[in-house]
Every structure is written in C-alpha cells, then in structure tokens.
Student: 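Starting off with a structure, shown below.
Values below: all heavy atoms of this structure, side chains included; hydrogens, waters and symmetry mates excluded.
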There are 2 protein chains.
Amino acid sequence: MTEQHETPEGVSGRALRSNAPSRDIPQATVTRLATYLRVLAVLADEGVLIVSSEELAVAAGVGSAKLRKDLSFLGPNGVRGVGYDVAKLRARIEDVLGLSEGHRVILVGAGNLGRALAGYGGFRRRGFTMVGIFDRDPQVIGATIGGVPVRDVAGLHDAVAELEPTIAVVTVPDPAAQAVCDRLVAAGVQCILSFSPVALDVPPSVEVRRVDLAVEMQMLSFAIHTSSSAIRPAGVVVSAMEPTSRGGSGGGALRKHAGSSDAPHMSNGSVVAQ
Amino acid sequence: MTEQHETPEGVSGRALRSNAPSRDIPQATVTRLATYLRVLAVLADEGVLIVSSEELAVAAGVGSAKLRKDLSFLGPNGVRGVGYDVAKLRARIEDVLGLSEGHRVILVGAGNLGRALAGYGGFRRRGFTMVGIFDRDPQVIGATIGGVPVRDVAGLHDAVAELEPTIAVVTVPDPAAQAVCDRLVAAGVQCILSFSPVALDVPPSVEVRRVDLAVEMQMLSFAIHTSSSAIRPAGVVVSAMEPTSRGGSGGGALRKHAGSSDAPHMSNGSVVAQ
DNA sequence: TAATGTGAAGGAATTCACAGCC
DNA sequence: GGCTGTGAATTCCTTCACATTA
C-alpha cells in the first residue's frame, strides 16, 4: 500500500541526533528501508559480506536506481566499484529507523490475532520484545503466550508505568478499540499499531498506524476486476507489479538458498496508518 | 506498507466492462476507495442517507478535496449543493473495486494467523466467503474453523478446481511460502495475498500482494525516533499525520454518536506489493 | 573497470481555487 | 448559498543517465 503516501510533508522532523541523516527522508523511502533490512538479515545469515545495489534490489523487488537513491538519503554507505558491506549497511538502516536500541512492546487483546502476533518469532528477531499482554477475559488472564503472562486489562495504566513500552499493539474487537486506545494514551503510550479498521481518535502527539486486512483484499479484488475486464493477449494480465527482472534463482550471484529465514507464519497487515 | 506505492504505472488496465470508469484510476485512489467503503458501511448502518464530501473526508481521515478528486475518477456520483447518496456511492465503489459479485477465498496455513483470519467477521461482511482451508498438519486436518473444514494441502490442486476460488490467502511458515505459492499458481489461482515477508516468484499473470507486519512496526519505530530526536516544544511531536482538521464531534451535522465516529487524522498506509 | 551517488528529467499524487450546478 | 467536480499549480516520487571514485 503501502502506500504510499500519506504524510504530506515528508516524514521526518529534523533529526538532530548522533548519526542522523542530514536531509529529511521521504516517507516512501522509509517504507522500503524496512524491506531492505529484512533482505539484509537474510543475506547476513547466509554469510554474504558484500552486496551490490543490483543484487539487493532484485532481492527486495525494486529497481536498482531506486534503491541507490533510497540509500543515498542515509549518507554514503557503499564503496564505488564494489558494493555495500552487508553488516555495515544493516546497522546503518537500523540506526536510522530507530531500531538499534530495540523496542518494548505490549499487546492488548489476546484473541486469535493477538496470539498469532505474540507468537511471531520475527518480532524478537528484529528487536521487538514483547513485555506485556493484556485481555479482558478472565479465562485468558493468567495464561502464558509466548512466555509472557496475560494480565487483566484493568491494570493497564499501572502496568504501562511499570513496563515502559515504546509501542502498543491493539488487537481487540472493533467496538473496544477506541476505549483501549484512550486508556493507552492516558497511560502515556506514544505509539500505537491498531488492527481495528476504525479510525482512532488520539491527540496529535500520539502516533498511530492502522492495519486493515480487508483493504488489502479489496485492492486484490480491484486488480482481478480490472485485469479480467481488460482487453489483453490471452493469458497475459496487466498486473500491478514491479518491472523487476524476475528470474527465479538464476539472477543473484551471491544468494544461496533461502532456508534459515524468519518466522513462521505470522501476519500482519497491510497497512493503512492513521 | 504501504504501501504505497509499488506499481509504477498506475494500476489499471483499461476497464471495458459495464460501468467501468472511463479513465484509469490511480493506485493511491484505489487504496483509499476501500477505506471510504468501510466508512460508508458504518454510515449506512447508522441510517445516514446523504453525506457531504467534508463529512466523509473527516470520517475517513483525508482532506475533502482529495476525496472529491478520488470519487471523480468513478464518474459523477454526487449532487452539487447537496452531497452524496450513501447507498448509491457505496454500490458504485463496490462495483468499481469488483466486489459486487463477492469473492471465493481459500486459505492455506491454519496456524494462529490463519485461524484469526478465518474467524475474522469483517471478511464475510465485505463479501469475501471462505470456501476452503488447507494445512499440512494431520492434527489440524479435519478440524473445523469458522464453519469450514480444514483439508489436507496435498489435495490443493484438485480442490482449487472444485472450489474455484478467486483469491488465495497464504499464511504458512516462510520456508514453505514459495512452494505453496507455486502449487497455487499451477492450480490456476490468479490472485494471492501472502503474509510471509519473502518475495514470491510468480509469473507476471499472477497478482500477489504481500503483507509484512514487521515493516509496520519499523515505520512506527522511525516515527518515534525522528520525533523524539527533533527539537520541538515540550510535549508536541512532529508527527507524520494528515493535517486534518481534528474536531472531536463538533463538526459533522449528520453523524449521531461516536461509537464509530470520526476519524481524526488518519491516513493510510503503506503497503508493500510485490 | 565496476558500481556508487546524484543532478536533472519525467511522471504521479496532492492541494488549490474556482467554475458549474442544484 | 452550498457543495460537487475539475483544471492548474504544486509537491513528491521515480527514472534516467552519467560524473565520480575506488
């Protein structure tokens, strides 16, 4: 959906920290940086030390020029005639995205989706530590999910003070979403990822991203609809994909096989942020 | 990821059907149409008959000019000086998105995430019918999730011929994603929603959307990082949100109570399409 | 020589402002 | 008077092509 594009005025707000990039980083670039990071993690696991923009681009599904442009916002990261140092580039992107110090995450709503997220190994692997899980159901409270005990949501306020989470993930039924959100805000949470399609009302100082699965499905629907109604050579569809050179495994020189990787089924969603 | 924005060249492929819009609809607009649809459903439930672009825009979290521009791609839909007929607009958007006739969905991977999706009421409500669920685990095969029995993924090919799904949702562990995808493609599935972060290799005729939760979390991280490192008046954060007029409930004339109300600033997200 | 980094061109999406209609 | 629909201006993003550097 990414996206694209909300956030009219770029994204940032002038970063003034240590290694902060000098210019503002475009929103669209930030979205892709997260993708590059995932690919770099896989490469690192495979023992790859150096990667070229072309190889990285193919693995991430974008054009190499776009990738270089994206990386250029972080300052010089590669060596001309050689490529990028995988470990160094990875560290640089993590630093820029604010992932270096990790994040403490709490989850409110231990339903199926909440459990799926809590059990998602990819989180911890990427620096997100689940420090608290909350629910309203007495039958669920006290149980342990992914090693973290489920607490009564009634104690949310105090728990936030105790756990000091940097991010809260909300996976409660739609009607409860706003109330939970209000309590999180009252408790001082600044950053919320909501899986409810309802638009949450929060003060401007709080950052909310919303993920709506149905939106993804509907966009797929549109793709089918338009392609099936288009006049086209038999079997060929005008698809919404990147004009990436798609060559199975024949392309990249350094990639081996994709085994080790990440987490088992998890999820997530599309996106749509508030 | 949003998303936003993969898909370089617009989205469509010349629609030539019945009520097809004359022009191509921009990708960014399609993303938001799905959002408008959700808001319209809520309004309809509340008994609202007519809505102005300003009201709809606030509820959806976008600017009114943007909303009007978006709707203009679908042809004339409103009445000047009055507003939009909720039911009529809703039907029009559903038609354009290809939702009018509903979709038959199969799900591969009955883990926590798969179960969460299968049980998600929002799907059926929006015209997506789960017609088949598949898994590899003998312990799960035969069980019923949301009224649909779990079948052995070994019979996927024949089942696709039998069930004729228009969309397949993949929620299997990462290492299995490509293989499952290949089998779906071989069986004739044209449209896949994958929750695995790995980039799937498919023929150009197949449409794939990928959803990666970690990307969302990382974008949140960036938002925290940049705003916390910015120089700003105490307590106020330079956030990446829409500059929407946020006025609690004082604004809209037709809306009743806020259970679901207004969507303050929102926006939307990103998405990463392969 | 090989691949990065980047100005400049091109295209897409957003915003503005107002003409047009009820 | 009020609100839609839309050209025009603006801003943002992508793509191209090449100068630059190891």
Student: B:D85 has an atom CG; how far is it from atom P of D:dC3, in whole Å?
Tutor: 16 Å

Student: Using OP1 and OP2 only, check whether a side-chain N or O of B:S53 sits under 4.0 Å from D:dT4.
Tutor: yes

Student: Would you mind telling me which of C:dT14, D:dT6, D:dC13 lies closest to the side-chain atoms of B:A28?
Tutor: C:dT14

Student: Kindly compute the distance separating CG (B:L71) from CG (B:L56), expressed to the nearest 0.5 Å.
Tutor: 7.0 Å

Student: Atom NZ of B:K69 and atom P of D:dA8: how far apart are they, to the nearest Å?
Tutor: 10 Å

Student: Can you tell me how far P of D:dT11 sits from CD of A:Q27, to the nearest Å?
Tutor: 19 Å

Student: Does the distance from a Lys or Arg side-chain N to an Asp or Glu carboxylate O, for A:D212 and B:R126, drop under 4.0 Å?
Tutor: yes

Student: Both B:R68 and A:D70 contact DNA chain D. Which one's nearest nucleotide lies toward the 5' end?
Tutor: B:R68

Student: Could you state the atom-to-atom distance from CG of B:L67 to P of D:dT6 in whole Å?
Tutor: 14 Å

Student: Looking at C:dG5, D:dT14, C:dT14, which one has an atom nearest to any side-chain atom of A:R32?
Tutor: D:dT14

Student: Between C:dC16 atom C1' and B:E54 atom CD, what is the distance in whole Å?
Tutor: 15 Å

Student: Go through the steps to decide whether A:E94 and A:S100 satisfy the test side chain to side chain donor-acceptor pair (under 3.5 Å), and finish with yes or no.
Tutor: CA-CA 5 Å; A:E94 284 181 344; A:S100 307; 5.3 Å; no

Student: Side-chain N or O of A:S52 less than 4.0 angstrom from OP1 or OP2 on C:dA3?
Tutor: no

Student: Could you state the atom-to-atom distance from CD1 of B:I50 to P of D:dG2 in whole Å?
Tutor: 18 Å

Student: Can you see if the side chain of A:Y84 gets near the phosphate of C:dG5 - specifically, an N or O under 4.0 Å from OP1 or OP2?
Tutor: yes

Student: I want to verify a distance call: between C:dA3, D:dC16, C:dA8, whose nearest atom is closest to the A:R80 side chain?
Tutor: C:dA3

Student: Give a yes or no answer on whether the side chain of B:R90 reaches the backbone of B:L40 with a donor-acceptor pair at less than 3.5 Å.
Tutor: no

Student: On DNA chain D, check which nucleotide each of A:T29 and A:V79 is closest to and give me the residue with the more 5' one.
Tutor: A:T29

Student: Using whole Å, what does the distance between atom C1' of nucleotide C:dA3 and atom CG of A:N77 come to?
Tutor: 14 Å

